[in-house]
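Quick notes on the structure that follows.
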There are 2 protein chains.
Amino acid sequence: MSVKKSTNGLAMRPFARSLPMQLLRAREALMQQFRPHLRARGLSEQQWRVVRALVETGSMEINTLGEACQIHPASLSRMLPNLEKEGRIERRADPDDQRYTIVSITAKGRALFERVAKESEEIYRAIERRIGSHDVKLLYDLLDKTIRAAPAASSRE
Amino acid sequence: MSVKKSTNGLAMRPFARSLPMQLLRAREALMQQFRPHLRARGLSEQQWRVVRALVETGSMEINTLGEACQIHPASLSRMLPNLEKEGRIERRADPDDQRYTIVSITAKGRALFERVAKESEEIYRAIERRIGSHDVKLLYDLLDKTIRAAPAASSRE
DNA sequence: GCCAGATACTTAACATGTTAAGTTTATGGA
DNA sequence: TCCATAAACTTAACATGTTAAGTATCTGGC
């Protein structure tokens, strides 16, 4: 009996077998390992994603950056002024098309990245050791497959 | 060469190989399938989690409910009055210990659940078909393992 | 019975998620 | 050239995430 009849009389997967729920739980479990470390460096989880994406790719416009770190452009519009005030990033209009705002990392932001990345990698390796590198690889593959399996608004099959 | 040297001169996994990031992407991809449906029923993603948890378990105190649906008690304190105003849940103090607030689902809330669950299961089945039920099961196992691998604040090994 | 310390929320404050509406800049066609 | 439309943000409004502080209730020891 894999599907449990609950008091509502309607069969539904138990809550623990909701894929979004388990993805959330897994992510939360992992982030609890990283948050104290980021917090100690004065970075929110989202700010770290922005910094990391910019270091990796150099510079990007808002929409691309949002896609890269899974943060809505509207949220970025609010976040970026703060990161800029702290001297971690820079913004300038694209000279070829004034509609675009090009965001880039500063030397200060890059230095911050170096420090955080080092510790972050250590935490990551500890987690990978616990799960096992084979299973981590398998998990990545299944997550990729899940992402591909969900038709995005942009790419309908 | 599995680890790429980026312009910062420090080796770090590429962003796409961040487990929290991929978990977020996968979850987002799935939720995009469900959100329009929930929205049409006047439910936020979080409200649906609360309703679903209550239908499954009957009634719970705030902290247990928060654990069940991964919503912080502070957020629940803000959300529950709304759900109560809409007649979907009820709250009452535990007669044995006034500190506890017992939350339960109403008949109206249960009826809402029935309707949403039906459509929700259809969407879920479509997703499972795309990924393949074998891989879905494997994914659940790996997520469980990931959750267990991250030491919680409450249970240090 | 009384009180210091726990417990279980609740509030408050600020950041982010999410959607809709508004603004500025480009583009393509009449 | 002019204008309707589109594109790329930006703002605004409201819900939720997150932490710290505050409030009401219990518990255990004296």
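Chain naming here is simple, since letters A, B, ... match the order of the sequence lines and numbering starts at 1 in each.
- Side chains of Leu139(A) and Leu143(B) form a contact here, defined as non-hydrogen atoms less than 4.5 Å apart.
- Between Asn63(A) and the phosphate of dA7(D), there is no side-chain N or O to OP1/OP2 separation shorter than 4.0 Å.
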- In 5'-to-3' order, the base (B), backbone-only (S) or no-contact (-) status of each nucleotide in nucleotides 10-18 of chain D, using a 4.0 angstrom heavy-atom cut-off, is BB-B--BBB
- Please test Asp144(B) against Arg148(B) for side-chain contact (heavy atoms from CB on, under 4.5 Å), starting from the C-alpha separation and ending with a verdict. CA-CA 6 Å; Asp144(B) 287 344; Arg148(B) 285 196 309 272; 3.7 Å; yes
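- Taking atom CZ of residue Arg92(A) and atom P of nucleotide dA8(D), one finds them 17 Å apart after rounding to whole Å.
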Protein and nucleotides 22-28 of chain D: nitrogen or oxygen contacts under 3.5 angstrom:
{"from": "dC26(D)", "atom 1": "OP1", "to": "Gln98(B)", "atom 2": "N", "distance (Å)": "2.7"}

- Dump the intermediate steps for side-chain contact (heavy atoms from CB on, under 4.5 Å) on Leu80(A) and Ile62(A), then the final yes or no. CA-CA 10 Å; Leu80(A) 295 183; Ile62(A) 305 276; 3.4 Å; yes
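- Rounded to the nearest 0.5 angstrom, Leu142(A) CG and Ile131(B) CD1 are separated by 8.5 Å.
- Taken from OH in Tyr140(B) to CG in Leu23(A), the straight-line distance is 8.5 Å, to the nearest 0.5 Å.
- A side-chain donor from one of Gln70(A) and Arg25(B) sits under 3.5 Å from a side-chain acceptor of the other.
- Within the 3.5 Å criterion, the main-chain N or O of Ile71(B) finds no donor-acceptor partner in the side chain of Gln46(B).
- A donor-acceptor pair is defined here as one N or O able to donate and one able to accept, closer than 3.5 Å; such a pair exists between the side chain of Thr106(A) and the backbone of Arg88(A).
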